[in-house]
Structures are given as structure tokens and as C-alpha cells.
Amino acid sequence: MKLRDAPSACPSLWRCLPCPPAELRLDLVLSSGQSFRWWESSPGAWTGVLEGRVWTLRQDGDRLWYTVYGEENEHGEEEERDGCPAKAARLDVVETDRILRDYFQLDVGLSGLYRAWAAADPLFRKVASDFPGVRVLRQDPVECLFSFICTSNNHISRITAMIERLCQAFGRRLCCLDSRPFHAFPALSALTGADAEARLRALGFGYRAKFVSGSARAIAEGLGTEGLCQLRTVPYAEARRVLCALPGVGAKVADCVCLLSLDKAEAVPVDTHVWHIARQRYGVALGGKSLTPRAYQEIGDFFRGLWGPRAGWAQAVLFCADLRKGQKPACS
DNA sequence: TGTGAACCTTGAGT
DNA sequence: AACTCAAGGTTCA
């Protein structure tokens with residue numbers, strides 16, 4: 001199959017949702033380390049896997065366009081006519097609209113939140129004007145958990161490559177676009193095998209191989225995939241406690257999973273960047289020189305006090321800005 | 001409670 | 001061409 005860049009070539013294969021840039025900036029959100037599975041397949045077009053399907057997304061003014069690729073036959077063939085697939089899988093547009101609205105949490109009004117954070121925090125106001133439309137994704141808990149276990153003491157470029165290899169090795173193959181294969185994120189059961197750790201080590205996961213297979217086992221033998229998803233309905237503190245009991249999951253990874261997949265908008269992941277920002281720019285006074293559990297808690301509490309119940313969302317804006325400091329976004 | 005070291009690998013910086 | 005060092009941390013003394 002061929003990648004699709006833009007609606008103009010085959011308009012019938014695309015749909016759009018109303019969505020102004022102040023509510024969502026696709027480029028900022030999909031490349032700021034919340035999810036590691038999106039790729040800018042051509043300028044302005046983002047291709048990735050969501051809910052077991054391959055999508056290409058594109059923003060054009062106040063519209064968010066999307067197209068979904070069907071699964072290929074066993075030969076990977078697809079008939080074409082005038083450059084368009086002859087029989088593209090009929091989209092269930094109600095379902096795909098819903099998936100996208102849910103993933104981007106489009107029912108949450110972001111511009112109002114920006115106004116409130118800016119009113120409470122001059123530093124936020126200064127940064128946010130250059131980084132509008134940064135919102136928190138609502139990701140699948142399994143994908144989010146295992147992705148962020150891989151982030152510890154690691155670089156984003158390597159994390160992305162590791163997760164790609166994880167999906168290739170353990171995930172279901174979905175389709176091939178311009179001869180590039182796409183795979184679903186593996187199910188929990190795919191990571192519980194006796195040889196999982198060794199395979200992950202061979203894929204360059206290092207010491208995280210044990211954490212990934214260990215957490216997969218622990219969940220499979222404990223709360224299960226359903227139980228993990230049920231953490232969406234329990235209080236933040238409880239979800240955090242459950243997650244921290246898993247191997248390779250400390251306070252920071254637990255907060256990432258809480259914020260990015262379990263609906264805990266108040267969770268503020270404190271990584272080295274946020275710790276630095278808290279001390280240097282907000283002057284948060286802390287006793288020790290290292291990020292102790294107590295300091296971690298205090299920084300989170302400080303930002304929750306400053307930004308309110310969606311502090312994690314505001315943190316995502318600052319984190320995105322910090323990640324891109326030096327390069328101003330082209331405001332198209 | 002708090003501190004320090006080890007942990008896999010990679011890529012950017014001397 | 002080596003070599004050091006940090007990278008969205010966690011675990012164990």
C-alpha cells in the first residue's frame with residue numbers, strides 16, 4: 001500500500017474533524033515524547049498506529065484530517081485505480097471519529113485552560129504563547145506503561161527505536177506502507193513468555209528487558225489488562241501505588257502512566273528537566289541536592305498548587321517547550 | 001529518610 | 001580514534 005500525504009489525491013479516503021490550532025498542534029503533541037509511535041511521513045503528515053490500525057493525520061487550518069489504512073491481504077497487494085485503492089475498506093466513520101476524539105481528548109477545551117494557567121503563572125504565560133495547542137493524549141494503558149518503562153535513563157531517539165523493535169518482534173503486523181511495515185503494540189500476553197527477557201536483551205533493551213518482562217508477568221498474574229485499565233476509575237494515589245509495585249516503575253514512570261493513560265490530570269511527572277525548571281525558574285526551595293522521594297512529592301505539590309487540578313497538562317506544555325528550546329515553532 | 005553506585009546502550013562532545 | 005558523559009530513572013546497599 002502507499003502512504004497518503006494529503007486529502008487532495010483521494011478525498012474519499014479522508015475525513016476531518018473541526019479542530020483549531022489553539023486546541024491542538026499535531027506536530028508539537030506527536031513529537032514531544034508522550035507517544036513514541038508517530039512519524040512525520042511527509043511534511044505535516046503524521047503516520048502511526050492507534051487502536052490496532054494505521055492512520056495518517058494532517059492539520060489544515062481549523063481542520064484535523066485523517067485517513068485509516070485497511071489490512072492487507074497475505075500478499076500485501078492492493079489493486080489501484082487512478083492512484084486510489086480500488087476497494088478501500090469502508091471506514092466506520094462514527095467509530096474512527098470517536099477513537100480520534102478520545103485519543104486527543106478533544107472534549108477538553110484547551111484554550112480556556114491556557115488562559116487560567118497564564119493568569120495564575122506569568123512564566124507559563126511567557127512560554128505558552130510560543131507553544132499553543134499542546135494537550136495530553138489519552139493513550140492505551142498497556143502501551144503507555146511498557147513504553148515508559150523503557151524511558152528510564154535513556155534518550156528519546158533510542159527509546160523510539162527500541163519501541164519500534166518491540167512492536168516488530170512482538171506485535172501483530174498490520175500493513176506495509178511504501179514498503180515500511182507497521183505493527184500493533186504487543187498485547188500483554190505476548191510479553192509474558194519464558195524467553196521474552198532474552199529476546200528483549202537481544203533487541204538492545206539492556207537492563208530494562210527484565211523490567212518489561214517482569215512487569216508483564218506481574219500484571220498477567222495479578223490485575224490483568226482489564227485491571228490495569230480499571231485504574232482509570234480509582235483515585236490518583238491508588239493508581240500510583242499499584243503501578244509503583246511493578247518492577248521498573250518508580251514515581252516518575254508511574255506519574256507518566258497516570259497522566260498519559262489513566263485520566264489522572266493532576267499527576268505531574270518530575271523528570272530531570274522538570275526538576276531543573278522547578279529550581280531554576282520557579283525557585284522551589286528544597287533541602288537536598290538530589291531528587292529524593294520527598295523532593296519529588298514537594299515539586300508535584302508545588303505545581304498542583306500553582307496550576308490546579310490539571311497541573312499535569314500544564315506541565316506537558318512546559319516540557320514540550322523545554323524539549324524544543326532554541327527552536328521556535330513555525331507558526332503556520 | 002537520605003545518599004551513592006550500578007545498571008545497558010547510544011550518540012554527542014572532547 | 002579513543003574516551004567521557006549524560007540520557008524524560010529504578011533498584012539495591
Side-chain angles (χ1 to χ4, degrees), chain A residues 28-38 127 131 134 136-137 139 143-166 169 196-219 240-262 264 267-281 285-301 303 311-327:
Chain A
L28 296 179
V29 171
L30 297 183
S31 68
S32 62
Q34 288 191 45
S35 165
F36 302 95
R37 300 219 65 206
W38 294 95
V127 170
F131 296 90
V134 177
V136 167
L137 298 173
Q139 303 184 56
E143 174 169 341
C144 192
L145 171 63
F146 289 97
S147 295
F148 278 87
I149 286 176
C150 299
T151 64
S152 80
N153 201 14
N154 208 348
H155 293 92
I156 289 193
S157 59
R158 183 179 169 216
I159 297 166
T160 307
M162 281 165 59
I163 291 175
E164 179 65 25
R165 292 196 292 272
L166 173 75
E197 181 183 339
R199 291 176 66 195
L200 290 164
R201 274 206 172 259
L203 293 175
F205 276 59
Y207 61 84
R208 302 169 198 81
K210 186 184 299 220
F211 292 157
V212 169
S213 64
S215 279
R217 286 254 179 101
I219 293 172
R240 198 173 190 281
R241 185 181 52 72
V242 172
L243 292 172
C244 284
L246 297 168
V249 180
K252 192 272 176 176
V253 170
D255 275 336
C256 285
V257 178
C258 280
L259 175 65
L260 303 175
S261 75
L262 297 178
K264 313 306 181 217
V268 178
V270 181
D271 52 45
T272 53
H273 299 270
V274 175
W275 185 42
H276 187 77
I277 291 171
R279 287 188 308 172
Q280 302 272 310
R281 317 219 18 211
L286 293 163
K289 295 274 175 288
S290 64
L291 186 55
T292 63
R294 194 170 70 87
Y296 186 103
Q297 181 66 37
E298 284 179 7
I299 292 171
D301 289 343
F303 284 122
W313 284 54
Q315 181 268 4
V317 178
L318 251 56
F319 182 82
C320 178
D322 192 65
L323 206 61
R324 295 166 166 258
K325 63 171 174 272
Q327 38 174 307

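Excluded from the calculations below are hydrogen atoms, water molecules and symmetry mates; all remaining heavy atoms, backbone and side chain alike, are included. Proteins get letters first, then strands, A, B, ... in listed order; numbering begins at 1 in each. Keep in mind the model is a prediction, meaning the values are calculated, not measured.
- C:dC5 sits 16 Å from B:dA5 when the C1' atoms are compared, rounded to a whole Å.
- Among residues two or more places apart in sequence or in another chain, the side-chain contact (heavy atoms from CB on, under 4.5 Å) test is passed with A:S261 by A:Q139, A:P141, A:C144, A:V257.
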Pick out the pairs of N or O atoms, protein on one side and nucleotides 11-14 of chain B on the other, that lie under 3.5 Å.
none

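- A donor-acceptor pair under 3.5 Å is absent between the side-chain atoms of A:Q34 and the main chain of A:L260, judged by distance alone.
- Remark: A:L246, A:P247, A:G248, A:V249, A:G250, A:A251, A:K252, A:V253 in residues 243-255 of chain A come within less than 4.0 Å of DNA chain C through at least one heavy atom.
- The residue A:F319 sits close to a base: some heavy atom pair falls under 4.0 Å.
- Interatomic distance, CG of A:L145 versus CD1 of A:I219, reported as 5.0 Å (0.5 Å rounding).
- Separating the OG atom in A:S215 from the CD1 atom in A:I149 is a distance of 3.5 Å, to the nearest 0.5 Å.
- When the C1' atom is used for both C:dT10 and B:dG11, the distance is 23 Å, rounded to whole Å.
- Counting any heavy atom pair closer than 4.0 Å across all strands shown, A:L291 reaches no nucleic acid atom.
- Counting atom types as modelled, A:R158 pairs a side-chain N or O with a base atom of B:dT9 as donor and acceptor under 3.5 Å.
- A distance of 7.0 Å separates OG of A:S32 from CG of A:L323, quoted to the nearest 0.5 Å.
- Every residue meeting the side chain to side chain donor-acceptor pair (under 3.5 Å) condition with A:S31, not counting sequence neighbours, appears here in chain and number order: A:R324.
- Counting only residues at least two apart or on different chains, the salt bridge (charged side-chain N to carboxylate O under 4.0 Å, His left out) pairs with a member in residues 244-258 of chain A are A:R240-A:D255.
- Pairs passing the salt bridge (charged side-chain N to carboxylate O under 4.0 Å, His left out) check and including a residue from residues 143-157 of chain A, sequence neighbours excluded, do not occur.
- Base contact: A:S32 has a heavy atom under 4.0 Å from a base atom.
- For A:V253 against A:G248, the heavy-atom pair with the smallest separation is CG2-O, 4.3 Å.
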Both atom distances under 3.5 Å, Watson-Crick or G-U wobble: I'd like the secondary structure of DNA chain B as a dot-bracket string, with | for pairs made across strands.
..|||||.||||||

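- For the atom pair OG1 (A:T151) and CZ (A:R158), the distance works out to 11.5 Å, reported to the nearest 0.5 Å.
- Taking every heavy atom of both residues into account, A:A295 and A:S290 meet most closely at CB-O, 4.3 Å.
- Once rounded to the nearest 0.5 Å, the distance linking SG of A:C150 with CG of A:L166 reads 6.5 Å.
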All N/O donor-acceptor pairs, side-chain side in residues 202-211 of chain A, below 3.5 Å, sequence neighbours left out:
residue	atom	partner	partner atom	Å
A:R208	NE	A:S152	O	3.0
A:R208	NH1	A:F205	O	3.3
A:R208	NH2	A:S152	O	3.0
A:R208	NH2	A:N153	O	3.1

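- Nucleotides C:dA13 and B:dC8 have their P atoms positioned 15 Å apart, rounded to a whole Å.
- Between A:F36 and A:F148, the distance separating the two ring centers is shorter than 6.0 angstrom.
- Qualifying side-chain contact (heavy atoms from CB on, under 4.5 Å) partners for A:D322, counting only residues two or more places apart in sequence or in other chains: A:H273, A:I277, A:K325.
- Between chain A and DNA chain C, the heavy-atom contact criterion of under 4.0 Å yields a 5' to 3' nucleotide range of C:dA6 to C:dT11.
- Within a heavy-atom distance below 4.0 Å of DNA chain B, the residues of residues 203-212 of chain A found are A:G206, A:Y207, A:R208.
- Take A:F303 and apply the ring pair (Phe, Tyr, Trp, His ring centres under 6.0 Å) test, not counting sequence neighbours, and it matches A:Y282, A:W307.
- Taking atom P on both C:dG8 and B:dA6, the two are 22 Å apart, rounded to the nearest angstrom.
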